[in-house]
Amino acid sequence: MLFVQQPVFLCPVLNQFCTCSGYCNQLILPNNILQLMTLSAKTKHAVAAALKSLLPDAEINSDMISINLTKPEFTGDYTVVLFPFVKLLRMKPDALGTLLGDYLLAHTDLYASYAIVSGFLNLTIKDNVWAHFLLNNFNDAQFGEQRGEAERVMIEYSSPNTNKPLHFGHLRNIFLGAAVSEILKATGNEVIKANLINDRGIHICKSMIAWQHYGNGDTPESTGMKGDHLVGHYYVKFNDVYKAQVAELIAAGKDEKTAEKEAPIMLETQEMLRKWEAGDAETRTLWQTMNGWVYKGFDVTYDKLGVSFDKMYYESDTYLLGKQLVEEGLQKGVLFKKEDGSVWIDLKDEGLDEKLLLRGDGTSVYITQDLGTAKLKYDQYKLDKSVYVIADEQNYHMQVLKLILKKIGEPCADGIHHLSYGMVELPTGRMKSREGTVVDADDMANEMIALAREQAEAAGKTEGFTEEELNKLYATIGLGALKFYLLRVDPKKKMIFDPKESIDLHGFTATFIQYAHTRICSILRKENLPLMPTAQHFASFRLTEEIAPLEKKLILHLEQYPSILAAAATEFNPSELCIYAFQLAQMFNSFYDVHSISKAENEEKKQLRIMIVVMAASVLRHAMHQLGIALPEKM
RNA sequence: GGUCCGGUAGCUCAGUUGGAUAGAGCAUCAGCCUUCUAAGCUGGGGGUCAUUGGUUCGAAUCCAAUCCGGAUCACCA
């Protein structure tokens with residue numbers, strides 16, 4: 001089995017870390033090293049070595065060598081941009097290109113031909129290099145994965161409040177966190193998936209108060225409602241009552257601020273929070289009961305979405321942490337105390353403001369507990385990295401958090417990374433659960449599954465399935481479409497979702513990719529082959545004919561997968577895999593339309609094409625698996 | 001007001017450290033099912049890359065200014 005290694009060798013030609021293992025001074029690399037490098041990397045090395053040999057005096061650094069995929073309208077596979085050298089070497093692009101092209105052809109075994117078009121050297125890779133690549137990798141289910149120095153990474157995501165059900169915006173967070181976890185695992189890291197539940201505070205008490213007053217003893221069992229939805233219902237109820245009371249007080253002559261402070265239900269809620277903090281038995285029991293309902297509801301949703309966690313943190317356990325860190329900071333002189341006893345940090349030198357860390361009465365604020373939790377995580381797991389999947393509205397908060405830890409001298413500071421994502425908005429603006437303008441996560445999932453059913457039935461695709469198989473299939477398609485829809489966009493961009501328009505099952509979607517996969521499965525069934533045929537099946541394969549353009553396009557794209565996966569990992573960006581997989585499926589569909597496998601021109605073509613589609617299906621499965629999307633064999 | 005993020009086709013989005021004539025999907029129009037699954041394929045129309053200036057062989061990409069949208073700057077969480 002072949003794995004792309006972590007770049008750990010300092011390459012003498014490129015003067016940077018890469019996979020060449022230091023062999024690249026020699027133009028012909030040892031076979032075992034060659035196999036580990038992508039053709040793009042090999043080409044970069046070959047060009048570097050060629051320039052060094054041809055023009056030993058020229059000062060050429062690796063940044064100047066830019067290797068791109070050749071644009072489809074030109075002949076070639078990889079393109080070397082010649083302009084950066086032109087000025088330095090005082091040579092015309094064509095002359096340099098010829099020199100370089102001839103040298104590469106004479107001294108390496110990779111290129112069949114070259115062409116120079118207005119300053120670009122287009123290199124065509126030999127067909128047998130592609131054939132080798134296929135034979136070596138076509139049935140490697142782990143193609144693209146890395147086994148390097150693993151880092152231990154915690155990824156915190158989801159992190160819900162226990163006063164309402166999950167909504168569409170949470171789904172983006174959950175899918176991002178789950179996908180990034182898988183991507184980091186596939187690139188050689190040890191991943192701990194964590195969920196920090198916000199289970200206490202005034203907002204939790206709001207649903208509790210409303211339930212006490214208006215709940216009539218309702219339970220999930222008595223009403224048949226999912227626990228999180230039942231509790232969420234009373235959260236909305238609280239706000240309705242609160243608004244009415246405030247309006248009443250204003251009508252009675254109070255100003256708005258006073259009215260908001262003095263609304264009876266708000267006073268009751270604050271009293272309840274005080275009782276909770278004092279450990280009042282009755283309050284705690286109610287709190288546990290209602291949170292229990294919510295957790296049961298969340299479990300159902302997480303289970304349906306196919307996500308899980310390795311470690312749960314509860315804010316009721318962690319909210320008192322962090323005070324000790326503040327003490328340390330005071331002793332070190334990093335923090336200071338104001339006259340009223342409150343503790344602050346001065347971040348003006350960093351372009352920020354002063355920030356409060358402890359109130360005058362010694363109680364914590366939001367960021368205090370986050371400081372403590374960051375340290376707790378680090379101490380428990382000795383993390384190299386700690387990733388927080390949190391919406392971009394908290395960019396400032398996370399920046400301050402990291403800065404404070406750094407100033408206090410906590411070792412956990414360096415590993416903290418905020419995976420910031422844009423909010424999902426409705427055409428009318430932000431979703432507000434208080435106002436009931438949310439798209440519920442459970443509803444959304446169910447609607448997507450129903451849509452999958454509707455479209456399958458309309459297309460007459462239900463034959464040959466049992467009812468059970470169909471239900472499973474609709475879930476795979478519907479949830480796949482939902483995940484893909486939320487993951488295909490660059491995380492940092494905000495999204496607008498219009499509930500009136502359903503999520504599409506055509507075009508740039510998971511369904512499109514799933515469909516391409518089922519077509520490949522269908523081909524293999526017809527050929528009586530398993531999804532992963534053995535290498536022996538192709539033992540007699542010899543390439544004698546030219547590889548057709550649509551065949552080559554697929555092979556070339558497959559060869560890119562390891563670098564795409566690696567980029568998705570370093571940038572914490574699953575959307576790169578979405579785009580990659582969609583393009584691969586697209587290329588397959590075009591290929592499929594033109595080249596038959598069952599009726600291939602000859603046995604050689606048949607074998608070549610089978611290797612291509614087997615590998616395409618395998619890479620599609622791998623890429624989609626990272627996103628939590630399954631690919632059915634039939635649909 | 002300070003800081004940060006964004007502005008690319010009617011809509012939703014791609015566009016690697018600056019590279020060739022700015023690309024997909026949706027929508028729209030025109031074709032393609034006796035042939036491995038048409039949830040598919042092929043083609044057409046559709047662009048002042050917010051604006052202006054700069055940097056250079058070359059700018060959607062880098063710099064500056066301006067305009068528009070959003071987030072944030074609490075002894076809330």
Side-chain angles (χ1 to χ4, degrees), chain A residues 62-64 66 68-71 73-74 79 81-84 86-87 93 117-120 122 161 198 200-204 315 319 338 340 342-344 351-353 355-361 363-367 369-370 391-397 399-400 420 422-423 425 429-430 452 455-456 458-459 461 477 481 485 488-490 492-498 501 504-509 511-516 518-527 563-564 567 571 575-576 578-579 582-583 585-586 588-600 609 613 634-635:
Chain A
S62 65
D63 293 344
M64 297 165 70
S66 132
N68 305 319
L69 288 174
T70 304
K71 299 254 169 197
E73 54 267 39
F74 301 101
T79 294
V81 184
L82 297 171
F83 292 110
V86 167
K87 206 174 189 181
V117 184
S118 57
F120 297 91
N122 296 334
N161 294 323
N198 290 291
R200 63 159 287 283
I202 191 83
H203 52 301
I204 308 298
E315 198 187 291
Y319 82 110
K338 288 197 176 172
D340 63 355
S342 58
V343 181
W344 297 73
L352 307 174
D353 215 337
K355 182 90 185 172
L356 175 88
L357 297 184
L358 278 184
R359 294 188 185 103
D361 62 7
T363 55
S364 325
V365 291
Y366 179 45
I367 201 159
Q369 50 180 292
D370 275 358
D392 61 7
E393 60 184 356
Q394 298 212 36
N395 284 355
Y396 179 75
H397 174 79
Q399 192 187 352
V400 170
S420 162
M423 314 274 286
E425 294 179 7
R430 287 178 63 168
Q455 303 227 350
K461 298 249 176 193
I477 294 172
Y485 180 84
R488 68 183 190 181
V489 181
D490 188 334
K492 69 170 179 282
K493 293 203 177 182
K494 74 170 184 210
M495 304 180 64
I496 295 170
F497 173 67
D498 189 345
E501 295 170 19
D504 213 325
L505 300 184
H506 303 274
F508 185 23
T509 63
T511 315
F512 181 92
I513 294 163
Q514 288 167 328
Y515 185 66
T518 60
R519 281 176 142 184
I520 295 175
C521 295
S522 175
I523 290 169
L524 296 173
R525 271 196 303 275
K526 185 149 187 177
E527 294 297 320
S563 55
I564 300 290
E571 284 156 40
S575 77
E576 302 198 20
C578 294
I579 293 163
F582 173 66
Q583 289 170 340
Q586 227 177 5
F588 165 76
N589 278 331
S590 299
F591 160 93
Y592 176 89
D593 206 49
V594 175
H595 298 297
S596 172
I597 284 175
S598 66
K599 293 181 184 163
R609 288 175 193 163
V613 301
K634 276 194 215 169
M635 64 190 276

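Throughout, a chain's letter reflects where its sequence line sits, starting with A, and its residues are numbered from 1.
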Test of understanding: with ring pair (Phe, Tyr, Trp, His ring centres under 6.0 Å), list the residues that count as partners of [X], not counting sequence neighbours.
| X | result |
| --- | --- |
| A/F83 | A/F120 |
| A/H595 | A/F591 |
| A/F582 | A/F508, A/F512 |

Worksheet item: Taking syn as any angle within 90 degrees of 0 and anti as the rest, which one fits B/C49?
Response: anti

With 3.5 Å as the limit, what N/O pairs link the protein to nucleotides 42-44 of chain B?
residue	atom	partner	partner atom	Å
B/U42	OP1	A/S590	OG	2.9

Taking the [atom1] atom in each of [N] and [M], what is the distance between them to the nearest angstrom?
| N | M | atom1 | value |
| --- | --- | --- | --- |
| B/U55 | B/C63 | P | 16 Å |
| B/C73 | B/U16 | P | 32 Å |
| B/G47 | B/G54 | P | 27 Å |
| B/U66 | B/G23 | P | 33 Å |
| B/U35 | B/G19 | C1' | 44 Å |
| B/C36 | B/A22 | P | 40 Å |
| B/A50 | B/U61 | C1' | 15 Å |
| B/C75 | B/G69 | C1' | 32 Å |

Worksheet item: Could you give the distance from CZ (A/F588) to CD1 (A/I513), rounded to the nearest 0.5 Å?
Response: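 So the CZ of A/F588 and the CD1 of A/I513 are separated by 13.0 Å.
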
Practice prompt. Find the distance between CD (A/Q455) and CD1 (A/I477) and round it off to the nearest 0.5 Å.
Written response: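 It comes to 9.5 Å.
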
Nearest whole angstrom, please: distance from the [atom2] of [N] to the [atom1] of [X].
| X | N | atom1 | atom2 | result |
| --- | --- | --- | --- | --- |
| A/H506 | B/A39 | NE2 | P | 8 Å |
| A/L82 | B/G58 | CG | P | 17 Å |
| A/E501 | B/C26 | CD | C1' | 9 Å |
| A/F588 | B/A38 | CZ | C1' | 13 Å |

Worksheet item: In terms of side-chain heavy atoms, does A/S420 have a donor or acceptor partner in A/N395 at a distance below 3.5 Å?
Response: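 Looking only at side-chain atoms, A/N395 and A/S420 do form a donor-acceptor pair, the distance falling under 3.5 Å.
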
Worksheet item: Do A/N198 and A/H203 have side-chain N/O donor and acceptor atoms under 3.5 Å apart?
Response: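 No.
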
Checking all strands, does [X] fall into the base, sugar-phosphate, or nothing category for heavy-atom contacts under 4.0 angstrom?
| X | answer |
| --- | --- |
| A/A516 | nothing |
| A/F512 | sugar-phosphate |
| A/K634 | base |

Side chain to side chain contact (heavy atoms under 4.5 Å, CB included) with [X]: which residues, sequence neighbours excluded?
| X | value |
| --- | --- |
| A/T70 | A/F74, A/T79, A/N122 |
| A/V365 | A/L356, A/R359, A/I367, A/T368 |
| A/A459 | A/K461 |
| A/Y319 | A/R200, A/W276, A/E277, A/E315, A/Q369 |

Worksheet item: What string of B, S and - do you get for nucleotides 12-20 of chain B 5' to 3' if you count protein non-hydrogen atoms under 4.0 Å?
Response: SSS----BB

Response to the item:
In 5'-to-3' order, the base (B), backbone-only (S) or no-contact (-) status of each nucleotide in nucleotides 71-77 of chain B, using a 4.0 angstrom heavy-atom cut-off, is SSS-BSB

Worksheet item: Within 45° of the ring axis of A/W344 and under 6.0 Å from its six-membered ring centre, is that where the NZ or CZ of A/K338 lies?
Response: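 Yes, A/K338 sits over the ring of A/W344.
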
Worksheet entry | Bracket notation of RNA chain B in which parentheses pair within the strand, [ ] cross earlier pairs, and | pairs with another strand (Watson-Crick or G-U, under 3.5 Å) | (((((((..((((.....[...)))).(((((.......))))).....(((((..]....))))))))))))....

All N/O contacts under 3.5 Å from nucleotides 32-35 of chain B to the protein, with atom names and distances to one decimal?
residue	atom	partner	partner atom	Å
B/U35	O2'	A/K599	NZ	2.9

Discussion item. Heavy-atom nearest nucleotide on RNA chain B for A/K492 versus A/I597: which residue maps closer to 5'?
Written reply: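 Of the two residues, A/K492 wins.
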
Discussion item. Applying the side-chain contact (heavy atoms from CB on, under 4.5 Å) criterion to A/D392, which one of A/K493, A/M423, A/K492 satisfies it?
Written reply: A/M423

Practice prompt. Could you please name the option among B/C41, B/A38, B/A39 that lies closest to any side-chain atom of A/M635?
Written response: B/A39

